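Keep in mind it's a predicted model, so treat the numbers as computed, not measured.
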Amino acid sequence: MNKYFIFIMIILSCYKVIAEIKLEPIELSQDCINITTDQGVKTGLWVKENSNRIETLYYSNGTKNGPSKIYKQQDSSYYLFCEKMYCNGQIKYIVYYHPNGYLESTITNIGVNTDFIDSQNKYFTGYVQPLLCYQAYVSFYDNCGKIRAEGWILSTDDEDYIIDAYFVGDWTIYTDSGSVINITENEINRTGFPFPLL
């Protein structure tokens, strides 16, 4: 019988956010996952695999609904790379992790852009109109879980925000020494951030 392996992340936390991480494989029978109704509508738990990642997500009447997790392969094991939450097909938040388990970035307050119309017109003028543009609030963290930057982005993709995004509005930068720098979108576009974000 064909079986999929999904990995469950068990977090043993202390008083801090970061925890010891343990990955354990669980076998699931193929007839319990990737189910469609007689009408071909996806329902329940779905597992997608490719050469270096495994994604778990839930469908309700053909619509993504509930948590989704992506595990990425590094060397001979997998780590939790990304978590997403859907509500009736709409993505509510995205969390990315470094391979060591620390936060890499969080994406929240996701919705159709209403606050940065001038920036949308400036950055997306070459696209065929009408263009549906999304805004979201992003926080970036270093590989020790320390916040490095936070602010708003615009994207035309409601799934891969960071890949296809423009930084807009005022951003807050946290330096290695602990000081705080505020930087505008014009400065970001002209000089970039003072350090790599990812």
Under the criterion side chain to side chain contact (heavy atoms under 4.5 Å, CB included), I'd like the reasoning laid out for Asn143 against Asn100: C-alpha separation, chi angles, the key distance, then a yes or no. CA-CA 7 Å; Asn143 59 9; Asn100 65 2; 4.1 Å; yes
Hits for side-chain hydrogen bond (donor to acceptor under 3.5 Å, both in side chains) against Ser119, two or more places apart or cross-chain, chain-then-number order -> Glu185
Contacts of Asn121 meeting side-chain hydrogen bond (donor to acceptor under 3.5 Å, both in side chains) (sequence neighbours excluded), chain-then-number -> none
For Trp46, the other hydrophobic cluster members (4.5 Å side-chain criterion, sorted by chain and number) are Leu57, Tyr59
Connected to Val41, directly or through other members, by ILVMFWY side-chain contacts below 4.5 Å are none
Quick one: does [X]'s side chain have a donor or acceptor within less than 3.5 Å of a partner on [Y]'s backbone?
X     : Y      : value
Asp75 : Ser77  : no
Gln90 : Cys87  : no
Ser60 : Thr63  : no
Ser68 : Thr56  : yes
His98 : Asp142 : yes

For [X] and [Y], which heavy atoms make the closest approach, and how far apart are they?
X      : Y      : answer
Tyr174 : Ile147 : CB-O, 3.5 Å
Glu55  : Ile70  : CG-CG1, 3.7 Å
Phe167 : Ile153 : CD2-CG2, 3.8 Å
Tyr102 : Gly145 : CD2-N, 3.4 Å

Would you say Ile181 and Val138 are hydrophobically clustered, going by side-chain heavy atoms of ILVMFWY under 4.5 Å?
yes
Answer whether the closest heavy-atom distance between the side chains of [X] and [Y] falls below 4.5 Å.
X      : Y      : answer
Tyr134 : Leu154 : no
Cys133 : Val112 : no
Tyr78  : Gln73  : yes
Asn65  : Tyr58  : no

Sequence-distant partners of [X], side chain to side chain contact (heavy atoms under 4.5 Å, CB included), two or more places apart:
X      : result
Lys72  : Tyr79, Phe81
Thr43  : Ile35, Thr37
Asn50  : Asn52, Arg53
Asn109 : Tyr137, Trp152

Spatial distance of atom [atom1] ([X]) from atom [atom2] ([Y]) [nearest 0.5 Å]:
X      : Y      : atom1 : atom2 : answer
Ile107 : Lys92  : CD1   : NZ    : 15.0 Å
Cys82  : Tyr96  : SG    : OH    : 4.5 Å
Ile117 : Gln135 : CD1   : CD    : 8.0 Å

Exactly one of Thr114, Asn113, Asp115 clears side chain to side chain donor-acceptor pair (under 3.5 Å) with Gln120, and that residue is Asn113
Going by distance alone, is a donor N or O of one side chain under 3.5 Å from an acceptor N or O of the other, for Thr106 and Thr108? no
The ring pair (Phe, Tyr, Trp, His ring centres under 6.0 Å) partners of Tyr97 (sequence neighbours excluded) come to none
Sorted by chain and residue number, the ring pair (Phe, Tyr, Trp, His ring centres under 6.0 Å) partners of Tyr93 (sequence neighbours excluded) come out as none
Quick note, salt bridge (charged side-chain N to carboxylate O under 4.0 Å, His left out) partners involving residues 165-182, not counting sequence neighbours, are Arg148-Asp176
Exercise for the section: Could you please spell out the steps behind the side chain to side chain contact (heavy atoms under 4.5 Å, CB included) verdict for Met85 and Ile91? Expected result: CA-CA 6 Å; Met85 179 59 72; Ile91 194 159; over 6 Å; no
Contacts of Glu150 meeting salt bridge (charged side-chain N to carboxylate O under 4.0 Å, His left out) (sequence neighbours excluded), chain-then-number -> none
